[in-house]
Amino acid sequence: MGLHPEYLTSFWKTQYYLLQMDGPLPYPYRHYIAIMASARHRCSYLVNLHIMDFLQAGGNREWLNGLNFAPQKLRNLNEINKLLAHRPWLITKEHIEALLTTGENSWSLAELIHAVVLLTHYHSLSSFVFGCGINPELDHEGGHSFRPPSPRACDSDSCLRVEDYVNGHGAGDAMQEVEALMARMKLLQECRLDEEASQEEMATRFEKEKRESLLVAPSADEREFALPNVSRFVEDPEFGYVDFTRRGEQTPPTLRAQDYSWEDHGYSLINRLYSEVGQLLDEKFQIVYNLTYHTMAMHCGVNTSMLRRAIWNYIHCIFGIRYDDYDYGDVNQLLERSLKIYMKTVACYPERTTTRMYNGFWRHFKHSEKVHVNLLIQESKMQAALLYVLRAITRYMT
Ligand SMILES: CC(C)C[C@H](N)C(=O)O
């Protein structure tokens with residue numbers, strides 16, 4: 001994240017506020033929730049970090065034996081943790097009601113907001129960790145694996161491939177890919193001026209992109225095994241993003257941004273209930289959405305807003321969120337298949353990200369640009385999950 005200091009500052013402020021400042025939840029709870037959220041995505045890096053923080057904050061060591069050892073109140077969060085991580089569109093006001101009205105184990109509304117922001121923060125941070133290939137620290141379990149799950153650590157196969165591209169024949173191809181992408185951006189910008197698609201056509205393009213996104217998935221053999229220090233915090237480990245293996249599984253239903261958007265609805269609700277955090281999140285979303293260096297691989301002075309918007313909206317599309325004024329044909333034109341696979345893996349099954357996927361897209365772009373893509377994925381995913389849970393809270397309250 002240090003490659004993007006403006007973003008990092010905002011990220012740190014938010015995280016610091018959520019973990020260290022006065023707030024509705026006791027400190028050990030905050031770290032335990034971070035553990036529960038990271039464990040959903042098998043992110044041992046973050047689980048280990050927060051196990052240490054939990055103990056430092058005076059947390060009860062017993063709870064670290066697993067979810068079954070934690071107080072019932074925390075265990076009650078399990079359902080919403082699962083849904084937020086994998087299928088946030090399934091969250092209803094009944095889930096909210098169940099948490100707020102269970103006698104002595106009830107959550108207050110303020111506590112619940114704190115908890116859901118923490119959950120979504122750590123789900124999306126897990127995506128960043130796997131997307132950028134951050135390895136477990138050496139003194140952590142799995143820190144010395146002989147096949148590290150990290151894009152940074154090269155398995156010989158993918159290292160060879162990258163060298164091939166850069167030194168040999170592939171380098172020219174990779175450069176041409178950049179040129180072709182720039183040309184497509186230019187063409188789309190020019191066409192936009194002459195041609196406006198009808199509302200129905202725009203809706204069809206969204207549905208097509210959403211349906212197709214279901215087919216963009218890593219193969220099952222990329223599954224990561226869960227380490228015991230992580231799996232003890234996970235119940236119902238099979239529950240994931242829409243499961244394609246089950247027949248007749250539907251695509252996520254569509255949430256239209258005009259009915260519930262961050263700017264008009266989500267932000268104002270969270271601002272009312274937990275105002276500093278509302279502000280901090282809003283600032284962070286704005287920073288990441290507008291972040292640009294006007295570069296594209298070896299080119300400078302480029303307006304990349306179209307490309308960055310396509311990345312942001314593709315993630316929202318995977319989670320069923322549609323912007324009526326956006327033409328999803330752009331996503332199809334601008335995001336190559338290998339990038340879509342990478343993005344969907346990082347957002348939905350982060351633990352299955354591989355070196356090969358990381359190296360496979362945008363072969364001529366800089367490392368910092370790939371990290372930039374990860375920031376967009378991370379924040380877009382967080383906002384998507386928040387929109388669903390905040391909508392459910394609004395429905396519960398009205
Ligand atoms: C994600 C990247 C294509 C972003 C680009 N390098 C920019 O500065 O806008």
Side-chain angles (χ1 to χ4, degrees), residues 1-11 124-125 127-134 151-152 162 165-166 171 173-190 192 209 213 216 283-318 323 326-348 350 353 355 357-384:
M1 279 183 194
L3 295 167
H4 303 280
E6 193 191 352
Y7 172 81
L8 180 63
T9 308
S10 167
F11 174 88
S124 55
L125 192 56
S127 283
F128 181 84
V129 167
F130 283 110
C132 292
I134 294 162
R152 260 192 332 195
V162 173
Y165 289 139
V166 174
D173 288 354
M175 248 158 94
Q176 271 169 17
E177 282 167 16
V178 181
E179 303 300 336
L181 177 56
M182 301 250 305
R184 276 200 297 279
M185 275 164 64
K186 199 153 166 246
L187 200 68
L188 282 175
Q189 263 151 5
E190 285 164 7
R192 201 52 26 95
E209 204 53 51
S213 81
V216 174
E283 187 186 295
K284 181 158 62 79
F285 290 143
Q286 285 192 34
I287 286 178
V288 80
Y289 193 85
N290 295 316
L291 187 71
T292 182
Y293 307 89
H294 307 286
T295 59
M296 285 271 284
M298 60 287 192
H299 295 281
C300 298
V302 187
N303 178 352
T304 61
S305 52
M306 224 180 189
L307 183 57
R308 289 179 288 110
R309 191 168 177 210
I311 293 171
W312 183 274
N313 286 355
Y314 184 58
I315 296 296
H316 274 194
C317 171
I318 290 174
Y323 295 86
Y326 184 70
D327 183 350
Y328 290 83
D330 289 8
V331 164
N332 220 21
Q333 293 285 320
L334 299 177
L335 308 185
E336 61 193 57
R337 192 173 160 78
S338 54
L339 173 56
K340 281 185 177 167
I341 294 180
Y342 175 78
M343 287 176 63
K344 175 148 179 223
T345 309
V346 171
C348 303
T353 314
T355 320
M357 284 179 207
Y358 182 88
N359 288 331
F361 75 95
W362 284 8
R363 292 175 294 157
H364 217 69
F365 282 72
K366 292 189 279 292
H367 180 59
S368 66
E369 290 178 302
K370 294 196 174 189
V371 176
H372 192 160
V373 171
N374 273 280
L375 298 181
L376 288 164
I377 299 173
Q378 175 190 349
E379 294 297 341
S380 181
K381 167 177 161 153
M382 179 167 183
Q383 194 183 77

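Throughout, residue positions are numbered sequentially from 1 according to the sequence presented. Order of listing sets the numbers, starting from 1, for every ligand and every atom in it.
Leu339 approaches Trp362 most closely through the heavy-atom pair CD2-NE1, 3.7 Å.
A salt bridge is defined here as a Lys NZ or Arg NE, NH1 or NH2 lying under 4.0 Å from an Asp or Glu carboxylate O, and Lys340 with Glu209 meets this definition.
Using a 4.0 Å heavy-atom criterion, the residues that approach ligand 1 are Thr292, Tyr293, His294, Thr295, Thr304, Leu307, Arg308, Trp362, Glu369, His372.
The salt bridge (charged side-chain N to carboxylate O under 4.0 Å, His left out) check on Lys284 picks up Glu379, with sequence neighbours excluded.
Under the 6.0 Å distance and 45° angle rule, Lys370 counts as a cation-pi partner of Phe361.
Side-chain contact between Leu125 and Gln378: present, with at least one pair of heavy atoms (C-beta onward) separated by less than 4.5 Å. Residues Leu335 and Tyr342 are not in side-chain contact: their nearest non-hydrogen atoms beyond the backbone lie 4.5 Å or more apart.
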